[in-house]
Structure formats: structure tokens, C-alpha cells
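Everything below concerns the one structure shown next.
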Amino acid sequence: MPFELAPLPWPASALEPAIDARTMEIHHGRHHATYVSKLNAALEGHADLAAKSITDLCRTIDRVPEAIRTAVRNNGGGHFNHDLFWSVMAPPAQGGGGAPSGSLAREIDRAFGSVDAFRTKFAEAAVNRFGSGWAWLGVRSDGALCVCSTPNQDNPLMAALVDCPCTPILGLDVWEHAYYLHYQNRRPDYVTAWWSVVNWAEVARRHAAVRA
Ligand code: MN
């Protein structure tokens, strides 16, 4: 199988109380697992596509044959998005929460005015996404940071499909499967709690990798 489900980088209960263990188990073990298995199924007989990285597959989604494009868009997007999501979260004891620092903090100030103004803009993107989707912090081709939102399992790497092409370095899943067991309809409370587990060191690493 070309694509695999990696284990979570911490125990399923590690992000409590922001994200409860049961939600995490179902989210990773069923939802993410299903995106991976359906992506692999869609790519059967397409060895050239199966050999690509998940990042390249998203970036070149418009060149995927039409017969499997929707399956790759939904499930390849789902795989990339969740891999990123797990990586940009950590329990407080392992660096989760707090605030960005260094060059990432300076770039956030430059783009949004302040870290607080960035958090407000990002939270608005997350809360106002109608239905299922994601909020993103990304690096545009000119190097500037941007905040945007995409529906379903689209992401800003899919330049041909989205109105905010960029390289995402932080993403927040606002599908109901990400929060409904604990928060029910209170998506704003989930977004607020989520800041307490953001792994800013990983976001900074991704930012530096894009800028390198
Ligand atoms: Mn999800």
C-alpha cells in the first residue's frame, strides 16, 4: 500500500481536556484510516500517482485522471490534512500551547498586526466555515503569511481548486467529527480550547522549511 496511517505522536488522551480521548481514537483510527484506505484503493492501477508524495499529489490534483480525481481530492486531501493536523498539536508538557516566537512571530506581526489579531482572524475562518472544512495558516508564493479556509477535505496546496493557494503550516479541522462528542454544536468553544494544544515549534519548523 503506497500510503500508510502513521500512529498518533502522543497517546489519544494526551490533548485532554481540549480534545477528548474518544474523539481522538475515532478521528484517527476510523476517519483518517478510512481516507488512507480509500486513497490507496483509488490509486490501484496508477503506479505513477501512487509513487508521488501526498504533498505532490495534492499540488497536482488537476492532473489526476478525471475518473479518480474526486476520490483523490477527498481522500488524498483527507490524508494530508490529518497528517498535518496531528503534527501541529502537542500536549502542554510537550510544548503545546503558548505563543509563537522568533521569525514566525515576526512574520505573524507583519502579516496580521499582532499574534492576537492573527488568532482572531484564524478563529473567524474556523467558526465561519459553513459545514465541514478546515482553517489554515499558510505561506503564499510571495513568502507572506495568510489565513484562509477550505471546504470538505480540500487544502491550499490544491492551487487549481481553491481561492487561497499557499503552503499550509497550521491547520484546524472543523468537521463535526473533530469535536461533536465533547462540544456538540459549540464549535467556537472547540476553537478556543484548541489554542492550548497548538505545537508552535512544529509550525515554526514548517514555516522555516517553506522559506528555505
Ligand atoms: Mn477530521
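Atoms within each ligand, like the ligands themselves, are counted from 1 in listed order. Just so you know, these numbers come straight off a predicted model, no measurement behind them.
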Q | Angular separation of NE2 (H82) and NE2 (H177) seen from the Mn ion (ligand 1), to 10° | A | 140°
(Q) Testing the basics here: between L49 and L57, what is the closest heavy-atom pair and its distance to 0.1 Å? (A) O-CD1, 4.0 Å
Q) Just checking, is any N or O donor in the side chain of H82 or H28 under 3.5 Å from an acceptor N or O on the other one? A)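 No.
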Q | Nearest to the Mn ion (ligand 1) - the N/O/S atom of H27, by atom name | A | NE2
Q. In D173, which N, O or S atom comes closest to the Mn ion (ligand 1)?
A.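 Atom name returned: OD2.
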Q: Look at the rings of Y179 and Y190 and say which category their plane angle falls in: under 30° parallel, 30 to 60° tilted, over 60° perpendicular.
A: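 Rings of Y179 and Y190: parallel, under 30°.
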Q) Within the stated cut-off of 2.8 Å, is an N/O/S atom of H32 closer than that to the Mn ion (ligand 1)? A)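 So H32 does not bind the Mn ion (ligand 1) by this criterion.
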Q: May I ask you to check whether H31 brings an N, O or S atom to under 2.8 Å from the Mn ion (ligand 1)?
A: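 Within the cut-off used here (under 2.8 Å), H31 places no N, O or S atom near the Mn ion (ligand 1).
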**Q.** With D142 via side chain to side chain contact (heavy atoms under 4.5 Å, CB included) - residues at least two apart
**A.**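 Partners of D142 by the side chain to side chain contact (heavy atoms under 4.5 Å, CB included) criterion, ordered by chain and then number, come out as R140, A144.
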Q) Does L170 reach the side chain of W200, with side-chain heavy atoms less than 4.5 Å apart? A)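 When only atoms from C-beta onward are counted, W200 and L170 do touch, with a gap below 4.5 Å.
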